[in-house]
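Atom set for the values below is all heavy atoms of this structure, side chains included, hydrogens, waters and symmetry mates excluded. If you read the sequence from its start, that first residue is 1, and numbering goes on from there. Given the structure is predicted, the values throughout are model-derived calculations rather than measurements.
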Amino acid sequence: LHAVPAMLAARARGVPTATFIYSWDNLPKGRMPVRADFYLVWSDFMKAELLSYYPDVTADRVRIVGTPQFESYADSGLEESRTTFLQRLNLDPKKSVVCFSGDDPGCSPYDPEYLRDLARSLRSVPESIRPQIVFRRSPVDWSGRYDDVLREYPEIAVSDPKWQRVSDGDWSQILPTREDVGLLVNLVRHSDLVVNLGSTMAMDFAAFEKPAIYVAYNPVSNDPHWSVEDVYRRPHFGSVHELQPVYWARSRENLADLVMHALNQPGEKSEARQKWLHRHVLQPMAGASRRAADTLRQLALERPSRSTEPEDRESEMAVGATRR
């Protein structure tokens, strides 16, 4: 909603507007409060999604550019050695590393329980082959909800994201720093597996040919407002169910066995991971920012038609909502 006044002002002045779809799940999970003249999307798949959810948007207004989210993985200048990076986290470079990546509290309110289950289960693995755990919280989650787990399992290393917070709030109020880009690149490069609840981090790991586990059990049985089944019924998981690029942890009891299997068979789901990644992200990933910049330069010279009365009314309603 923060962009609504600027978008409407641009429209009133005849300045072309464009918006970028931020994440792979944005289109199925909500409605855009204001319409743009042009849309920059990740892939053919996302373009088809956009045209399906917004039939009033014509195909010529959608440009496929990829996403900058993954292009830093091709930047060799950001790479640290495994020894240097892991030793800074007090981890042994000779042992496997499992990354647990957290979601925001609204999407995954029981992430601390999942992290506890992972740590508890791996303690059952013989110490000589026991994987290490590194935890990265969601950049928007600076609550203390993990504190008890981290005290209980001090062997969990913590790699906190380094984002700049404009104010407390949602994803629109924080920005990644250059320092965090390097941190994330090396966390993914030097971890051997990621565990989370349906996070796009599985795609990050796929970019490095690393396996992922999606937790798929309810840590508590009496929450009437949240269930893991509801999470994975969301439309953006359709390609995950179809291609099966990840492993599914159906119970806390099989976590350790599943982790060890994924670590011992890292290439087992390689073909499915690459099909999934290529379906959602235009290749080569390294060119996304340049494609986006070139597209914006081109669009700045265009003057879109203004046959958008339904969109204007919806945008004006959104402005009214922000004023209230």
Side-chain angles (χ1 to χ4, degrees), residues 1-71 104 106-107 139-140 163-178 181 200 234-236 279-282 285 287-324:
L1 291 176
H2 302 285
V4 172
M7 297 284 276
L8 290 178
R11 178 169 295 167
R13 298 293 297 271
V15 177
T17 59
T19 190
F20 176 75
I21 306 302
Y22 188 78
S23 186
W24 72 308
D25 61 353
N26 284 172
L27 288 170
K29 286 173 68 173
R31 295 290 295 176
M32 288 185 279
V34 63
R35 307 295 178 82
D37 296 311
F38 300 99
Y39 300 87
L40 277 58
V41 299
W42 291 24
S43 61
D44 286 306
F45 183 86
M46 186 177 280
K47 178 178 179 178
E49 274 192 319
L50 177 60
L51 297 177
S52 173
Y53 288 121
Y54 297 90
D56 49 302
V57 175
T58 55
D60 62 301
R61 293 167 56 193
V62 184
R63 307 299 166 90
I64 301 168
V65 298
T67 174
Q69 179 170 333
F70 302 108
E71 66 179 347
D104 63 80
C107 290
V140 296
W163 286 48
Q164 180 180 355
R165 288 194 286 176
V166 179
S167 65
D168 292 334
D170 60 19
W171 289 96
S172 67
Q173 300 301 301
I174 57 172
L175 296 170
T177 63
R178 180 69 176 173
V181 171
T200 186
R234 292 171 182 166
H236 65 282
R279 178 177 295 188
H280 285 280
V281 184
L282 181 67
M285 293 186 294
S289 290
R290 174 58 59 190
R291 288 192 294 266
D294 290 344
T295 298
L296 291 173
R297 290 191 189 97
Q298 177 188 356
L299 296 180
L301 303 176
E302 298 187 19
R303 287 295 181 268
S305 65
R306 294 297 174 185
S307 56
T308 55
E309 290 185 8
E311 297 178 4
D312 288 341
R313 286 198 295 270
E314 187 170 340
S315 301
E316 288 164 5
M317 290 172 63
V319 171
T322 62
R323 289 172 178 164
R324 291 194 293 272

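Side-chain contact between Asp56 and Arg35: present, with at least one pair of heavy atoms (C-beta onward) separated by less than 4.5 Å. Between Asp25 and Thr200, the closest side-chain pair of non-hydrogen atoms is not below 4.5 Å. Taking 4.5 Å as the limit, every side-chain heavy atom of Pro68 sits out of range of all side-chain heavy atoms of Arg290. Side-chain contact between Met46 and Leu27 is present, with at least one heavy-atom pair separated by less than 4.5 Å.
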How far apart are the C-alpha atoms of Gln69 and Tyr22, what are their side-chain angles, what is the distance that settles it, and do they pass the side-chain contact (heavy atoms from CB on, under 4.5 Å) test? CA-CA 9 Å; Gln69 179 170 333; Tyr22 188 78; over 6 Å; no
Please step through side-chain contact (heavy atoms from CB on, under 4.5 Å) for the pair Trp24 and Phe45, ending with a clear verdict. CA-CA 10 Å; Trp24 72 308; Phe45 183 86; over 6 Å; no
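Scanning for side chain to side chain contact (heavy atoms under 4.5 Å, CB included) contacts around Pro176 gives Trp163, with sequence neighbours left out. Thr177 is linked by a side-chain hydrogen bond (donor to acceptor under 3.5 Å, both in side chains) to nothing, counting only residues two or more places apart in sequence or in another chain. Remark: Ala12 pairs with no residue by the side chain to side chain contact (heavy atoms under 4.5 Å, CB included) rule, at least two apart or across chains. In this structure Glu49 satisfies the side-chain hydrogen bond (donor to acceptor under 3.5 Å, both in side chains) test with no other residue, sequence neighbours excluded. Not counting sequence neighbours, Ser52 has no partner by the side-chain hydrogen bond (donor to acceptor under 3.5 Å, both in side chains) test. With sequence neighbours excluded, the residues that form a side chain to side chain contact (heavy atoms under 4.5 Å, CB included) with Thr295 are Leu40, Arg63, Val65, Leu299. Residues passing the salt bridge (Lys or Arg N to Asp or Glu O under 4.0 Å) test with Arg291, sequence neighbours excluded: none. Checked against salt bridge (Lys or Arg N to Asp or Glu O under 4.0 Å), Arg279 has the following partners two or more places apart in sequence or in another chain: Glu242. Among residues two or more places apart in sequence or in another chain, the side-chain hydrogen bond (donor to acceptor under 3.5 Å, both in side chains) test is passed with Asp294 by Arg297.
The main-chain N or O of Val57 is never found under 3.5 Å from a side-chain atom of Tyr39 such that the two would form a donor-acceptor pair. Judged purely by atom type and a 3.5 angstrom limit, Trp42 uses its side chain to pair as donor or acceptor with the backbone of Ile21. Looking only at distances, a side-chain donor or acceptor of Asp37 sits under 3.5 Å from a matching main-chain atom of Thr17. A donor-acceptor pair is defined here as one N or O able to donate and one able to accept, closer than 3.5 Å; no such pair exists between the side chain of Ser23 and the backbone of Asn26.
The minimum heavy-atom distance between Met7 and Ala36, with the atom names listed, is CE-CB, 3.6 Å. Smallest separation of non-hydrogen atoms from Pro16 and Phe38: CB-CE1, 4.3 Å. Of all non-hydrogen atoms in Tyr53 and Pro28, the two that sit nearest each other are OH-CB, 3.5 Å.
Atom-to-atom distance recorded for Arg61:CZ and Tyr54:OH is 12.0 Å, nearest 0.5 angstrom. Considering CD of Gln164 and CZ of Arg178, their distance stands at 15.5 Å, rounded to 0.5 Å.
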